[in-house]
Amino acid sequence: MNDLLRQIRNEWRANLWLGVELLVVFAVLWYLVDWSYVTLRTWLQPMGFDTEHCYNLSFNRLTPQADGYRADDDTEADMKNLLEIVERLRHRPGVEYVAVSQNSIPYNDGSNGLTLGVDSTNVTVMQRWVQPDFFPLFRLQGVAVQTEDGRTVQTTRPDSLATAMHRRGNHVILSHNFVSAVRTPSLGYADALSMLGKDYPYGGYTSDDYLHVAGICEPMRWSHFSTTEQWGGPLAAIELRDSHICQLGNPLYVQVSLRLTPDADTGQRFMDELLDDADRLYTLGNVFLLDVRPFTDLQRTLEMDDVNEVRTQLCIIGFLLMNIFLGVIGTFWFRTQHRRSEIALRMSFGSTRRGIFRRLLTEGLLLLTLAAVPAMAIAFNVGMAELVDVERVSFTGGRFAVAVVGSWVLMALMIIVGIWYPAWRAMRIQPAEALHGE
């Protein structure tokens with residue numbers, strides 16, 4: 001090692017420019033690896049729900065000009081007809097769960113907020129206004145619930161959340177990150193478990209209306225490109241009762257979701273059969289079934305812009321990586337070819353091919369490590385200045401280390417490729433022939 005350091009110091013003019021190149025490339029590569037790490041880590045996080053075998057049903061009502069329009073049916077009658085259709089859907093063969101919700105389904109393009117007063121502080125999260133079957137339908141995992149006799153029970157069962165919410169009209173289910181050290185550091189709550197079984201002002205800490213926290217569940221992410229701490233993750237679920245549904249006055253204002261058993265989910269065939277039965281079974285009064293869509297379609301629509309943006313960024317990253325790859329490999333390829341006489345001289349003095357190859361690789365990796373030290377300082381300051389994505393993942397030592405190690409490994413592989421083949425060719429030539437050519 002000392003011999004290598006001495007050689008690098010003696011050849012400092014040539015190594016200086018190589019070191020500057022490696023420094024710049026390492027800093028740029030660190031930024032690319034960091035973005036890729038954040039995006040991949042966000043994508044792989046649990047969504048908090050399961051939409052497999054689930055479908056979203058849209059309903060509408062006839063206009064006065066339509067055939068079969070009933071002028072005597074008011075808006076309340078329309079909503080009662082909708083509830084009757086929902087009950088019919090519950091008895092359809094292969095249907096496991098049906099639930100009505102308002103602006104609350106996964107991959108929805110709209111949302112409502114709910115505010116609770118917690119210790120003279122208003123905490124606002126996304127409101128999930130849902131029927132109790134919403135929890136088992138989308139497989140929302142529980143954390144803890146309060147039983148009817150006031151006991152706290154740790155449970156992951158979605159139906160336990162449904163039972164706890166349905167017990168009273170003022171019951172609310174909170175996600176465990178409703179309050180947390182990240183979202184609400186001033187409150188001093190690690191999570192929302194300590195709120196279980198207590199009453200909190202609904203609408204703000206000055207309100208006289210109270211909601212009782214009857215259960216704690218896992219958060220639901222808005223999409224694959226957002227975290228549980230961003231909007232849509234922290235939630236407060238309250239029951240959408242039949243009386244509330246009737247007051248909404250229009251079937252377009254609610255969503256009807258259903259889950260099929262796995263053997264009954266035939267995809268497009270199921271949707272076609274359901275629409276074929278719509279006139280006979282799922283049209284009542286002025287209310288009719290308008291459309292059926294799998295949640296995969298809703299996901300694709302909601303995430304389309306984010307997916308296109310990520311694809312564009314990946315194309316840019318791929319182009320930059322190709323240039324970095326060719327540049328680093330080309331630099332060390334030329335450098336190794338230029339040292340054919342040195343390789344031949346070492347072989348003539350008895351050095352083995354394996355020893356020479358190991359020396360060249362060690363020298364290249366040592367140059368990379370020396371250049372990486374100032375590059376790491378630059379990258380760390382970029383991260384501390386929050387010039388990277390800190391909304392989805394906080395800039396921590398672990399995140400910095402992952403990007404540094406990833407960048408070093410990628411560049412090390414490029415250097416190895418740039419050294420290996422020309423060194424292998426140079427060592428195949430007889431030492432006397434190489435020295436004679438020089």
Enumerate donor-acceptor pairs with a distance under 3.5 Å from any side-chain N or O in residues 298-305 to protein atoms, sequence neighbours excluded.
residue, atom, partner, partner atom, Å
Q299, NE2, H224, ND1, 3.4
Q299, NE2, E303, OE1, 3.4
R300, NH1, D297, OD1, 2.8
T301, OG1, R293, NH2, 3.2
T301, OG1, D297, O, 3.0
E303, OE2, H224, N, 2.9
E303, OE2, H224, ND1, 2.8

Over 12 foreign heavy atoms within 6.0 Å of CG, D67: no
Nearest 0.5 angstrom please: D159 CG to D133 CG, how far? 10.0 Å
Measuring only between side-chain heavy atoms, which start at C-beta, is S180 closer than 4.5 Å to E229? yes
Taking every heavy atom of R221 against every heavy atom of T42, the minimum-distance pair comes out as NH1-O, 2.6 Å
Does E84 form a salt bridge (charged side-chain N to carboxylate O under 4.0 Å, His left out) with R88? I'd like the steps, not just the answer. CA-CA 6 Å; E84 174 60 28; R88 294 179 183 179; 3.7 Å; yes
Please give me the minimum heavy-atom distance between Q154 and A144, naming the atom from each residue. OE1-CB, 3.9 Å
Less than 4.5 Å apart, side chain to side chain, heavy atoms only: is that true for L248 and V254? yes
So, for F295 and F138, is the gap between ring centers shorter than 6.0 Å? yes
Hey, does M126 have a side-chain heavy atom less than 4.5 Å from the side chain of W222? yes
Please tabulate, one pair per line, all N/O donor-acceptor pairs under 3.5 Å involving side-chain atoms of residues 204-211, not counting sequence neighbours.
residue, atom, partner, partner atom, Å
S207, OG, Y202, O, 2.9
S207, OG, D209, N, 3.1

For a 4.5 angstrom cut-off between non-hydrogen side-chain atoms, does P234 reach V179? no
To the nearest 0.5 Å, what is the distance between CZ (R92) and CG (L260)? 9.0 Å
Which pair of non-hydrogen atoms, one from M195 and one from V213, has the smallest distance, and what is that distance? O-CB, 3.4 Å
With distance as the sole test, does R183 use its side chain to make a donor-acceptor pair with the main-chain N or O of F178 at under 3.5 Å? yes
Is the backbone of D277 close enough, under 3.5 Å, to the side chain of R280 for a donor and an acceptor to pair up by distance? no
Point-to-point distance, once rounded to the nearest 0.5 Å, from NE2 of H171 to CD1 of I173: 8.5 Å
Side-chain (S104) to main-chain (W129) donor-acceptor, under 3.5 angstrom: yes
Do any side-chain atoms of residues 240-247 form donor-acceptor pairs under 3.5 angstrom with protein atoms, and if so which ones, sequence neighbours left out?
residue, atom, partner, partner atom, Å
R241, NH2, H166, O, 3.4
R241, NH2, R168, O, 3.4
R241, NH2, E239, OE1, 3.1
H244, ND1, R241, N, 3.2

Going by side chain to side chain donor-acceptor pair (under 3.5 Å), name the residues that satisfy it together with N112, two or more places apart in sequence or in a different chain. Q102, N103
If you measure from the Lys or Arg side-chain nitrogens to the Asp or Glu carboxylate oxygens, is any gap between R269 and E273 under 4.0 Å? yes
Polar side-chain atom of S175 near backbone of E218 as donor-acceptor pair, under 3.5 Å: no
Between Y107 and F49, ring centroids under 6.0 Å: yes
Can you classify the ring geometry of Y55 versus F270 as parallel (below 30°), tilted (30 to 60°) or perpendicular (above 60°)? tilted
Side-chain ion pair, E96 and R139, N-O less than 4.0 Å: yes
Does atom CG (D263) have a neighbourhood of more than 12 heavy atoms from anything else shown, all under 6.0 Å? yes
Nearest non-hydrogen partners of L196 and A214, listed with the distance: CD1-C, 3.6 Å
So do the side chains of V25 and V328 get within less than 4.5 Å of each other, counting heavy atoms only? yes
Test side chain to side chain donor-acceptor pair (under 3.5 Å) applied to R392 and T39, step by step: CA-CA 8 Å; R392 295 186 292 177; T39 302; 3.2 Å; yes
F26 versus L368: any side-chain heavy-atom pair under 4.5 Å? yes
Give the intermediate values and the outcome of side chain to side chain donor-acceptor pair (under 3.5 Å) for residues N170 and H212. CA-CA 6 Å; N170 70 330; H212 182 80; 5.9 Å; no
State whether the side chain of N381 and the backbone N or O of A377 hold a donor-acceptor pair below 3.5 Å, judged by distance alone. yes
Go through the structure and list residues passing side chain to side chain donor-acceptor pair (under 3.5 Å) with S160, not counting sequence neighbours. none
Scanning both residues in full, the closest heavy-atom pair of H176 with D191 reads O-CB, 3.2 Å
Could you pull out all donor-acceptor pairs under 3.5 Å where a side-chain atom in residues 396-417 meets a protein atom, sequence neighbours excluded?
residue, atom, partner, partner atom, Å
T396, OG1, R399, N, 3.4
R399, NE, D34, OD1, 2.8
R399, NH1, D389, O, 2.7
R399, NH1, V393, O, 2.5
R399, NH2, D34, OD2, 2.8
R399, NH2, D389, O, 2.8
S407, OG, W30, N, 3.4
S407, OG, A403, O, 2.7
W408, NE1, T369, OG1, 3.3

Are N286 and Y69 packed together at the side-chain level, in the sense that at least one heavy-atom pair is separated by less than 4.5 angstrom? yes
Do the side chains of D149 and R151 get close enough for a salt bridge, i.e. N-O under 4.0 angstrom? yes
Nearest-0.5 Å distance, CE of residue M220 to CG of residue L235: 7.0 Å
Spell out, as yes or no, whether a donor-acceptor pair under 3.5 Å connects the side chain of Q230 to the backbone of T227. yes
Nearest 0.5 angstrom please: L320 CG to L29 CG, how far? 9.5 Å
Tell me, yes or no, whether the heavy-atom count around R90 atom CZ, taken from other residues, nucleotides or ligands under 6.0 Å, exceeds 12. yes
Without swapping roles, check the side chain of D265 against the backbone of T261 for a donor-acceptor pair under 3.5 Å. no
Determine yes or no for a side-chain-to-main-chain donor-acceptor pair under 3.5 angstrom, with R259 supplying the side chain and L137 the backbone. yes
L275 side chain reached by Y282 side chain, heavy atoms, under 4.5 Å: no
Please say whether more than 12 non-hydrogen atoms of neighbouring residues, nucleotides or ligands are located less than 6.0 Å from CZ in F380. no
Would you compute the distance between atom CG of L114 and atom CG of L116 and round it to the nearest 0.5 angstrom? 5.0 Å
Side-chain donor/acceptor of R128 to backbone N/O of G232, under 3.5 Å: yes
Are any side-chain N or O atoms of T184 and backbone N or O atoms of S186, one a donor and one an acceptor, separated by less than 3.5 Å? no
Considering all heavy atoms of both residues, which atom of A236 and which atom of L174 are nearest to each other, and what is their separation? CB-CD2, 3.6 Å
Candidate pair W231 and S111, rule side chain to side chain donor-acceptor pair (under 3.5 Å), full reasoning: CA-CA 10 Å; W231 180 255; S111 62; 3.1 Å; yes
